[in-house]
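Read the numbers this way: they start at 1 and go in the same order the structure lists the ligands and their atoms. Note: hydrogens, waters and symmetry copies are ignored here, and every other heavy atom, side chains too, is used.
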Amino acid sequence: MSKLIKGGTVISPTGPGPADVLINGETIAALYAPGRGPEDIETIDATGKYVIPGGIDAHTHMQLPFGGTEASDTFDTGTRAAAIGGTTTIIDFAVQRTGEVVQDSLAAWHAKAAGNCHIDYAFHQILGGIDDESLKAMDQLVNDEGISSFKLFMAYPGVFYSDDGQILRAMQKARTNGSMIMMHAENGPAIDVLVKQALERGETDPIFHGLTRPQELEAEATSRAIWLAAVAADCPLYIVHLSASKALEQVKAARDLGRNVFAETCPQYLYLTLEDQLGAPGFEGAKWVCSTPLRSKHESHRADLWQGLRTNDLSVVSTDHCPFCMKDQKEMGLGDFSKIPNGIGSVEHRVDLLYQGVVDGKLSLARWVETIATTPARMFGLYPKKGVIAPGSDADIVLYDPNGRTRIGVATHHMNMDYSAWEGWEVAGRVDTVLSRGEVISAGGEYSGHAGHGRFVRRGLSDYLI
Ligand SMILES: [Zn+2]
């Protein structure tokens, strides 16, 4: 049951170095100076490869019901695609809608995922109805269910939306039980006004999805969330899918004050734009309708986000994987952009897309591993079981070939989508071999994992809190 990963360069949060990695069963047993490990055991040759902790995607939505349809990846297809792309843990979201019992919604998500996942998985809990009962449920989830983060929405009135009073109450509760509040920070009521006005003017194309969600309304909500968290005795706050320079400024200012404020961004905001993708001719732009929206290439968003990743004002890169097919799903918004289901699918490509940032000189190797694996593990109470190559940690390991190349497209991807948001993109680097808890599940393009291998992981509290 032992194996040795030999000859590779292990990337740890402090940087790269040559080491051989001994795996015993499901966990990492030891790291050795090259050639000093045990002999006569099974070896995996990692010569010329980077050996990195398996990716952790802290923001996915498999099978999410949204706008009258459901995200097209199941826990089976989505976690298989994730695994092939070098991600060995996802944190998905159980969803409580207004009027539903929190624990019932969590049970429903367990039922969707159990036995279907190819890699380990955990849950955040979405709270769509803050009241006395759901506040009590927060304690129960933290104490008994291994769920230590709760997502609220300042957008989507009538669906997931919480008002400021509800947000404050949830933050106060989180401050007392040590959990993290995750925030979808966009001013939903103001956006709804702009959407209505645009449709009245006959502006129905996908690009108006972006134009009716200006960055000011992301920045305003981000700032409001930050100050509400301050009132809740500096409740830990994590801004999801941050897309815009002005929102990043708010996070930066809070962090400069020493506040418990964190943020993630996603590959789509680092590379894609309002004009080139969302503004594609005809209905094509629907492929890139997601919220927060893609931002203008004529402003400095992408450069600012890369810089934020480097300086740790952005701590994590997640995908917000929420795929919908064009046929029958995105098409629901033909003639009315507001009916296009919101979401992009990238769970398979995050590790590669961020490695391109290393090649482009925007991130160090260590920072690449931090933003895709180590920090999400620490942020959400999975560390040191996940997110690091160290004795005692789960043997979730990726051998990454820096000399390979990855071409992305619908013909070759494994996500259950009838298009790729990254069609034709070719990036440097390639996922070579993937191990999940010591088992090789993908090697040299051959997939050998199976649904049911992945287990639910109970999470502790965030490492970043004192
Ligand atoms: Zn999301």
Quiz item: What does the angle at the Zn ion (ligand 1) come to, between atom OD1 of Asp320 and atom NE2 of His61, rounded to 10°?
Solution: 90°

Quiz item: For the Zn ion (ligand 1), does an N/O/S atom of His59 lie at less than 2.8 Å?
Solution: yes

Self-check item: Metal check, the Zn ion (ligand 1) vs Cys322 N/O/S, cut-off below 2.8 Å
Solution: no

Practice problem: Could you label the plane-to-plane angle of the Phe93 and His124 rings as parallel, tilted or perpendicular, counting under 30° as parallel and over 60° as perpendicular? | Solution: tilted

Quiz item: Only one of Thr88, Asp394, Asp396, Asp120 forms a side-chain hydrogen bond (donor to acceptor under 3.5 Å, both in side chains) with Arg437, so which one is it?
Solution: Asp120

Quiz item: Is it true that Arg295 and Glu275 make a salt bridge, defined as a side-chain N closer than 4.0 Å to a carboxylate O?
Solution: no

Quiz item: Which of parallel (below 30°), tilted (30 to 60°) and perpendicular (above 60°) describes His61 and His59?
Solution: perpendicular

